[in-house]
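Below is one structure, written out as structure tokens; the observations come after it.
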Amino acid sequence: MAKGYWVGRVDVSKPEAYKNYVAANGVAFAKFGGRFLVRGGSFEAVSGSSRARNVVIEFPSYDQALACWHSPEYQAARAKQEGGAEIDLIVIEGYDGPQPGEA
């Protein structure tokens, strides 16, 4: 079964409100098996637009990734942002097929 991912791009406008969100979101991520693959870090926008922060969270499945988004735990954490961030986020199913160079 293919994994699920959250891919987010974030601009923070109210750092204190965003810190409250970050402090609360781990409950939902842990409940649904989420783990950070990318959380901030250096990057270079080599094509197209970007935001200041980038996040990739891996879940055991696409269904778990969606369930996390819709969960009361995540929505409660999200409310703590208080409009302190502009976020582009997609929930996407991972690829489970052959890779380049594989027979």
Side-chain angles (χ1 to χ4, degrees):
M1 173 188 328
K3 293 182 179 184
Y5 298 88
W6 286 17
V7 179
R9 302 178 320 135
V10 182
D11 284 332
V12 176
S13 57
K14 296 179 184 174
E16 288 306 313
Y18 193 74
K19 285 180 188 176
N20 294 336
Y21 158 73
V22 170
N25 66 21
V27 172
F29 297 151
K31 179 178 179 179
F32 292 94
R35 69 183 199 100
F36 288 97
L37 300 180
V38 174
R39 190 176 192 181
S42 299
F43 73 94
E44 183 174 335
V46 295
S47 180
S49 63
S50 66
R51 292 195 179 270
R53 289 183 53 84
N54 299 285
V55 178
V56 178
I57 305 171
E58 179 183 72
F59 292 86
S61 70
Y62 177 68
D63 290 341
Q64 288 291 93
L66 281 175
C68 184
W69 171 263
H70 293 292
S71 72
E73 295 88 354
Y74 183 72
Q75 293 305 313
R78 189 170 170 239
K80 293 182 183 222
Q81 287 181 31
E82 301 171 359
E86 190 166 332
I87 301 171
D88 297 321
L89 179 82
I90 63 168
V91 178
I92 189 165
E93 184 177 30
Y95 177 69
D96 218 9
Q99 295 294 329
E102 293 181 354

Which class fits the ring pair Phe29 and Trp6: parallel under 30°, tilted 30 to 60°, perpendicular over 60°?
perpendicular
Applying a strict under-4.5 Å side-chain criterion to I, L, V, M, F, W and Y, I'd like to know whether Ile90 and Val56 cluster together.
yes
CD/Gln75: more than 12 non-hydrogen atoms of other groups inside 6.0 Å
yes
Is there side-chain contact between Val91 and Phe59, with at least one heavy-atom pair below 4.5 Å?
no
Heavy-atom pair with the smallest gap, counting every atom of Phe43 and Ala52:
CE2-O, 3.4 Å
Does the distance from a Lys or Arg side-chain N to an Asp or Glu carboxylate O, for Lys14 and Glu82, drop under 4.0 Å?
no
Looking only at heavy atoms, what is the nearest atom pair of Ile92 and Val7, with distance?
CG2-CG2, 4.3 Å
Does any N or O in the side chain of Ser13 come within less than 3.5 Å of the main-chain N or O of Gly84, such that one atom is a donor and the other an acceptor?
yes
For Ala2 and Glu93, the nearest pair of non-hydrogen atoms, with its separation, is CB-CG, 3.9 Å
Can you get from Ile87 to Val22 by hopping between Ile, Leu, Val, Met, Phe, Trp and Tyr side chains that sit under 4.5 Å apart?
yes
Any donor-acceptor pair under 3.5 Å from Glu102 side chain to Gln99 backbone
yes
Distance-minimising heavy-atom pair for Ala28 and Cys68:
O-SG, 3.7 Å
Residue pair Asp96 / Met1: nearest heavy atoms and the distance that separates them:
OD2-C, 3.5 Å
If you group Ile, Leu, Val, Met, Phe, Trp and Tyr by side-chain heavy-atom gaps below 4.5 Å, do Phe36 and Tyr62 land in one group?
yes
Check the orientation of Trp69 and Tyr74. Use parallel for under 30°, tilted for 30 to 60°, and perpendicular for over 60°.
tilted
Which of Arg53, Arg51, Glu86 passes side chain to side chain contact (heavy atoms under 4.5 Å, CB included) with Val12? Answer is Arg53
Is it the case that more than 12 heavy atoms not belonging to Leu89 sit under 6.0 Å from its CG atom?
yes
Roughly how far, to the nearest 0.5 Å, is the NZ atom of Lys3 from the CG atom of Leu37?
8.0 Å
Scanning both residues in full, the closest heavy-atom pair of Phe32 with Ser71 reads CE1-CB, 3.5 Å
May I have the step-by-step check of side chain to side chain contact (heavy atoms under 4.5 Å, CB included) for Tyr18 and Val10, ending in yes or no?
CA-CA 10 Å; Tyr18 193 74; Val10 182; 4.0 Å; yes
